[in-house]
A.B. asks: 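Dropping the structure in here first, questions after.
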There are 2 protein chains.
Amino acid sequence: MTELEQIKQDYVTQWGALGSQWGINRTMAMIHAHLLVSPTALTTDDLMEALSISRGNANTNLRELVSWGLIRSVVMRGERKDYYEAEKDVWKIFCIVARERKRRETEPASMVLQDCISRSKSIKSAEGKELHKQLTSLNEFVSLANNIMEKVSTKGDSTIIPKILKVLN
Amino acid sequence: MTELEQIKQDYVTQWGALGSQWGINRTMAMIHAHLLVSPTALTTDDLMEALSISRGNANTNLRELVSWGLIRSVVMRGERKDYYEAEKDVWKIFCIVARERKRRETEPASMVLQDCISRSKSIKSAEGKELHKQLTSLNEFVSLANNIMEKVSTKGDSTIIPKILKVLN
DNA sequence: TTGTATTTTCAGTAATTAATGAAAATTAAG
DNA sequence: CTTAATTTTCATTAATTACTGAAAATACAA
């Protein structure tokens, strides 16, 4: 194994280990990492061999990555196998992650809160009013995060971030 | 069970179910949700009873929530039991979440990338140069997210968010 | 200091998620 | 249309995470 291959393998392995901190499974993170640094689109067989995983596992996680929008299927003329490549533009990755975070985290949370807020609205007791107030306050935070991610993920302009950083400084 | 109690229970249960999407376990999310809407600080026994969980489970998750900074232990005069309360200021919650996301997600990811970037720097092949380039690009994205979360979590001023939203619009 | 209250720990169990590998289903080439 | 390549599915197993409950450790009151 060359130094290059060792570096690549370490990167993919460690990236995979971090996956579970991000709420995705290790294999999905490893596949993504591998495709991110691959100069060419790869087949299921390529990935099975590179990562020592089963065909079923590869298939499941490739489909999940496609649903995230982080990778796409590529048609290769003259080939019957599906090829996959990763989205490599870091700005686009950023938007995808923000969008998916919104979809999987802040939107469902806000829906739960809104339901409980509307149900608690008509409760007259002091305790009920306090619950209503607290849930409303919490929903403001969640909606705010939702709003920020919505805006970030729909901005087609990578110059937006320097502007945000300017405000922060 | 009153309507109020039903709403509270639904909120806690559903919040708990969302926890696994956020990378925390269901019980930890439920404890946090319960403390967030509790008018008073609560004991381990209170939580055990309210959420039907074991003492060991309660202890483990309370300690984890304390390490996140989302709850704190409260000294009650004349009481031997530990009481816990949640941080209820939504702006502070926002900062805590940003800080912990940074600590658990973007910082470790950036460390992995930086290590691999420095190791790939001396590789002369075209493939090595391409790997170096792609890892560097990816690290820019991760460092950017890191930077934003650093700034957000250390700003002691809740007026910063309207400014960010203004830039986004 | 003793006894009891309280918290923490941890061996073992339970629950959930991830993965395998072979069969079923689908697709494409001849 | 047939055959083979390829992908998807799914029953089962494996791995990982979460939880229990009792014992150990710690803290506090008398």
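Residue numbering restarts at 1 for every chain, and letters A, B, ... go by the order of the sequence lines.
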A.B. asks: Nearest heavy atom decides the nucleotide; on that basis, is A:Glu79 or A:Arg26 closer to the 5' end of DNA chain C?
C.D. replies: A:Arg26
A.B. asks: CG of B:Asp82 versus P of D:dT26: gap in Å, rounded?
C.D. replies: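 Atom CG in B:Asp82 sits about 15 Å away from atom P in D:dT26.
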A.B. asks: Return the value, rounded to whole Å, for the distance between atom CG of A:Asn57 and atom P of C:dT17.
C.D. replies: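 Atom CG in A:Asn57 sits about 16 Å away from atom P in C:dT17.
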A.B. asks: Looking at A:Thr60, does any N or O in its side chain come under 4.0 Å of the phosphate oxygens OP1/OP2 on D:dT9?
C.D. replies: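 No, no such contact exists.
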A.B. asks: Among A:Arg104, A:Arg103, A:Lys102, which residue meets the side chain to side chain contact (heavy atoms under 4.5 Å, CB included) test with A:Thr106?
C.D. replies: A:Lys102
A.B. asks: From the list D:dA27, D:dA18, C:dA19, which nucleotide is the closest neighbour of the side chain of B:Thr27?
C.D. replies: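 My answer, after comparing the listed nucleotides, is D:dA18.
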A.B. asks: Hey, which of A:Gln21, A:Arg26, A:Met28 is the one that makes side chain to side chain contact (heavy atoms under 4.5 Å, CB included) with A:Ile24?
C.D. replies: A:Met28
A.B. asks: In a check of side chain to side chain contact (heavy atoms under 4.5 Å, CB included) between A:Tyr84 and each of A:Thr43, A:Leu62, A:Val74, which one passes?
C.D. replies: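 Running side chain to side chain contact (heavy atoms under 4.5 Å, CB included) over A:Thr43, A:Leu62, A:Val74 with A:Tyr84 returns exactly one hit, A:Leu62.
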A.B. asks: Expressed in angstrom and rounded to an integer, what is the separation of A:Glu64 atom CD from C:dA19 atom P?
C.D. replies: 12 Å
A.B. asks: If you measure from the Lys or Arg side-chain nitrogens to the Asp or Glu carboxylate oxygens, is any gap between B:Glu5 and B:Lys8 under 4.0 Å?
C.D. replies: no
A.B. asks: In whole Å, what is the span from the CE atom of B:Met28 to the P atom of D:dA18?
C.D. replies: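 Atom-to-atom, B:Met28 to D:dA18, this comes out as 10 Å.
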A.B. asks: I want to confirm an ordering. Mapping A:Ser20 and A:Gly56 to their closest nucleotides on DNA chain D, which one lands closer to the 5' end?
C.D. replies: A:Gly56
A.B. asks: Just the rounded figure in Å: distance from C1' of D:dT8 to CZ of A:Arg55.
C.D. replies: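 In whole Å, D:dT8 C1' and A:Arg55 CZ are 11 Å from each other.
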A.B. asks: Please tell me if B:Asn59 has a side-chain N or O lying less than 4.0 Å from either OP1 or OP2 of D:dT20.
C.D. replies: no
A.B. asks: Is it true that A:Tyr83 and A:Ile71 fall in one hydrophobic cluster, defined by side-chain heavy atoms closer than 4.5 Å?
C.D. replies: no
A.B. asks: Let me know the distance between CG of B:Leu47 and C1' of D:dC19, rounded to the nearest Å.
C.D. replies: 16 Å
A.B. asks: How long is the line joining CG of B:Leu51 and C1' of D:dT20, in whole Å?
C.D. replies: 16 Å
A.B. asks: Using a cut-off of strictly less than 4.0 Å, decide whether B:Arg63 has a side-chain nitrogen or oxygen near OP1 or OP2 of C:dT8.
C.D. replies: yes
A.B. asks: Assign each of A:Ile53 and A:Arg80 to its nearest nucleotide of DNA chain C by heavy atoms, then name whichever residue's nucleotide is nearer the 5' end.
C.D. replies: A:Ile53
A.B. asks: Would you please confirm or rule out a distance under 4.0 Å between OP1 or OP2 of D:dC19 and any side-chain N or O of B:Asn61?
C.D. replies: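 The answer is yes; a side-chain N or O of B:Asn61 sits under 4.0 Å from OP1 or OP2.
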A.B. asks: Which whole-number value in Å describes the distance from A:Met76 CE to C:dT27 P?
C.D. replies: 21 Å
A.B. asks: Does A:Asn25 make a side-chain N or O approach to OP1 or OP2 of C:dA19 shorter than 4.0 Å?
C.D. replies: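 It does, given that an N or O in the side chain of A:Asn25 lies less than 4.0 Å from OP1 or OP2 of C:dA19.
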